Protein chains: 2
Amino acid sequence: MLSFTEENYLKAVLKLTVNGDTKSDAGTNKLAAYLNVKPATATDMLKKLKEKKLIDYEKYGKITLSETGKLKAVEIIRKHRLWETFLFEKLDFTWDEVHEVAEQLEHIHSPKLIDKLDEFLGYPSFDPHGDAIPNAKGELRIAKQKPLSAVSPETSCKMIGVRDNSTTFLKYVTQLGLAINTSIKIISRQEFDGSMEIEMNGKTATVSQKFAENILVD
Amino acid sequence: MLSFTEENYLKAVLKLTVNGDTKSDAGTNKLAAYLNVKPATATDMLKKLKEKKLIDYEKYGKITLSETGKLKAVEIIRKHRLWETFLFEKLDFTWDEVHEVAEQLEHIHSPKLIDKLDEFLGYPSFDPHGDAIPNAKGELRIAKQKPLSAVSPETSCKMIGVRDNSTTFLKYVTQLGLAINTSIKIISRQEFDGSMEIEMNGKTATVSQKFAENILVD
DNA sequence: CGCAAATGTTTGGCTAGCCTAATCTTATTG
DNA sequence: CAATAAGATTAGGCTAGCCAAACATTTGCG
């Protein structure tokens, strides 16, 4: 059973290696900075995680997750994103509020809990921020997400998230009857200003290009 | 911000004083036994909690919660019972599975989370075990709960929980079509052995006194 | 009452995570 | 190819929670 702290280190290593933008060096300093601890502390933990065979690591060397470590890390991401989805969809949290609470909830240990939660939410593919949710086997569906503005007329897509988290934007989204998983059909698109006529839940609406750029679809 | 451990001590003190069956002495030894730690450890924590003004306590003296401590403890009970209700009602956990996971979930810090959860669940008054859920102000609705065996014939009541959590008992309960919130009408009661004929969901059944004593109704 | 049993506390010591300061290794660059 | 800068590690020390063992107090019974 991993401690909260150990789990957070694994998650951090994953973020800094896999998702590390362009340059994907983990590094004791970056890791420590990411977790708001001092490098010395990170070194201690790295030794411990190596001992537990969760990371591959030699003194002064590269830091990478082992197979087991990666599985654990992805599992935590899965929990985090499922909880975010729950908070957003069922408890009416706003997009910017979900993260902090999910940081706590992701450490609850109960396989049954997370599977049941997944089922309860209808096996969502994306969290409120449009990030893919790994499935129960730890497999991450490849995110083919793109902005609504990039969808061709007369085709359909499914909303998976937003890019803007401002209240004004989200209010508008809600007003239009849009939500995660809503199917959207693009009826037409004006060449002039990029505005689009879309249909969802049987209703039609016209939205600006600016709006469409901030809606993420599958 | 209280640590998990501190919260568990407060909860334990509450259980051992308020709810301590007949004899309601807290006591370092009992407290330690309840929390599966050694008395020395409990003494340490008691000093710390006294320091934080969460309990009233003098060396070799009685242990009681301060006003602040009681509020905190009741808040944790509230969270625990709301989570139990959530797990049971929304995620199809069984009666005996909810407690363990709720023990973890009760320590999540987020006022908004718990209020929204309460709302999501429809402001329930009782958890799956029939224990009253304190409201947001920490007030505990007086539990008017009583065993089914105490209900007079020809009157109706609503099931709010169980007293026994054994699998055999719960299996029986389910078989009879009983669940939280099921309305039950007592048709008759035998003076001889206390067995009762009851009706719920249009079906009738005869249950023993032992059974009726373990069903809690409002 | 008086003394043993029960109960509670103190002391010293342990691990997990964190820190600072000092040291060591690797990278960079003139 | 040094010499220094950047990065990583070690050493020693801290707090929260835990423990065992020694010590102190209270209870209760003959």
Side-chain angles (χ1 to χ4, degrees), chain A residues 1-13 16-17 20-65 69 72-73 76 103-104 106-107 109, chain B residues 1-13 16-17 20-65 69 72-73 76 103-104 106-107 109:
Chain A
M1 184 73 44
L2 298 178
S3 70
F4 283 24
T5 311
E6 288 168 332
E7 292 191 346
N8 283 332
Y9 274 89
L10 288 182
K11 212 177 45 154
V13 174
L16 293 182
T17 51
D21 289 321
T22 42
K23 198 165 182 294
S24 59
D25 270 16
T28 307
N29 278 347
K30 281 179 196 162
L31 187 61
Y34 184 80
L35 291 167
N36 289 310
V37 296
K38 296 290 174 260
T41 311
T43 301
D44 284 348
M45 185 55 82
L46 289 174
K47 279 195 282 193
K48 190 174 157 196
L49 292 176
K50 179 208 163 97
E51 200 62 35
K52 291 193 172 189
K53 296 191 194 299
L54 293 164
I55 60 172
D56 297 319
Y57 161 70
E58 294 302 333
K59 254 198 211 178
Y60 297 104
K62 288 278 161 64
I63 305 164
T64 45
L65 290 170
K72 293 279 182 192
I76 300 163
E103 283 288 307
Q104 297 179 58
E106 71 188 3
H107 300 295
H109 292 297
Chain B
M1 183 75 44
L2 299 177
S3 69
F4 283 24
T5 311
E6 288 168 332
E7 291 192 346
N8 282 332
Y9 274 89
L10 288 182
K11 210 177 47 157
V13 174
L16 293 182
T17 50
D21 289 322
T22 42
K23 197 165 182 297
S24 58
D25 269 14
T28 307
N29 279 346
K30 282 178 196 161
L31 187 61
Y34 184 80
L35 290 167
N36 289 310
V37 296
K38 296 291 175 258
T41 309
T43 302
D44 284 349
M45 185 56 82
L46 289 175
K47 279 194 283 193
K48 190 174 156 194
L49 293 176
K50 179 207 164 97
E51 202 61 34
K52 292 193 172 190
K53 297 192 194 299
L54 293 164
I55 59 171
D56 297 320
Y57 162 70
E58 293 303 331
K59 253 199 210 179
Y60 295 105
K62 287 280 163 62
I63 304 163
T64 45
L65 290 171
K72 293 280 183 190
I76 301 163
E103 283 288 308
Q104 298 179 60
E106 71 188 4
H107 299 296
H109 292 296

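Proteins get letters first, then strands, A, B, ... in listed order; numbering begins at 1 in each. A quick note: this is a predicted structure, and the numbers were derived from the prediction, not measured.
- Between A/Phe4 and B/Phe4, the ring planes lie perpendicular to each other; the angle is over 60°, past the 30° to 60° tilted range.
- One finds no side-chain N or O of B/Ser3 lying less than 4.0 angstrom from the OP1 or OP2 phosphate oxygen of D/dA16.
- In this structure, A/Thr41 and A/Tyr9 have side chains that are in contact, with non-hydrogen atoms separated by less than 4.5 Å.
- Between the NZ atom of B/Lys62 and the P atom of C/dG8 there is a distance of 10 Å, rounded to whole Å.
- Under a 3.5 Å cut-off, the side chain of A/His109 and the backbone N or O of A/Leu2 do form a donor-acceptor pair.
- In this structure, the side chains of B/Lys62 and B/Thr17 stay at 4.5 Å or more apart for every pair of heavy atoms.
- Side-chain nitrogen and oxygen atoms of A/Lys47 include at least one within less than 4.0 Å of the OP1 or OP2 phosphate oxygen of D/dT10.
- Per the geometry, CD belonging to B/Glu58 stands 12 Å off P belonging to D/dT26, to the nearest Å.
- B/Leu31 has its CG atom 20 Å from the P atom of C/dA6, to the nearest Å.
- One atom, NZ of B/Lys30, and another, C1' of C/dG8, lie 13 Å apart when rounded to the nearest Å.
- The distance between atom CD of B/Glu7 and atom P of D/dA16, rounded to the nearest whole Å, is 16 Å.
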**OP:** Any chance you could lay out the side chain to side chain contact (heavy atoms under 4.5 Å, CB included) test for B/Val13 and B/Leu31, step after step, and finish with the verdict?
**Re:** CA-CA 7 Å; B/Val13 174; B/Leu31 187 61; 3.9 Å; yes

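- Rounded to an integer number of Å, the gap from CG of B/Asn29 to C1' of C/dA6 is 8 Å.
- Put simply, the side chain of B/Asn8 does not reach to within 4.5 Å of the side chain of B/Ile76, judged on heavy atoms.
- We find that CD of B/Glu51 is positioned 14 Å from P of D/dT15, with the value rounded to whole Å.
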Under 3.5 Å between N/O atoms: give me all the protein pairs with nucleotides 25-27 of chain C, atom names plus distance.
from: C/dT25; atom 1: O4'; to: A/Tyr60; atom 2: OH; distance (Å): 3.4

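- B/Phe4 comes within 4.0 angstrom of no nucleic acid atom, judged by non-hydrogen atoms across all strands.
- The side chain to side chain donor-acceptor pair (under 3.5 Å) contacts involving residues 51-60 of chain B comprise B/Glu6-B/Lys52, B/Lys50-B/Glu58, where partners must be two or more places apart or lie in separate chains.
- Remark: A/Lys11 NZ is packed, more than 12 non-hydrogen atoms of other residues, nucleotides or ligands lying under 6.0 Å away.
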**OP:** Verify side chain to side chain contact (heavy atoms under 4.5 Å, CB included) between A/Leu65 and A/Lys72, making sure each step is shown before the conclusion.
**Re:** CA-CA 10 Å; A/Leu65 290 170; A/Lys72 293 279 182 192; over 6 Å; no

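- In the region residues 35-45 of chain A, proximity to DNA chain D at under 4.0 angstrom, judged on heavy atoms, holds for A/Pro39, A/Ala40, A/Thr43.
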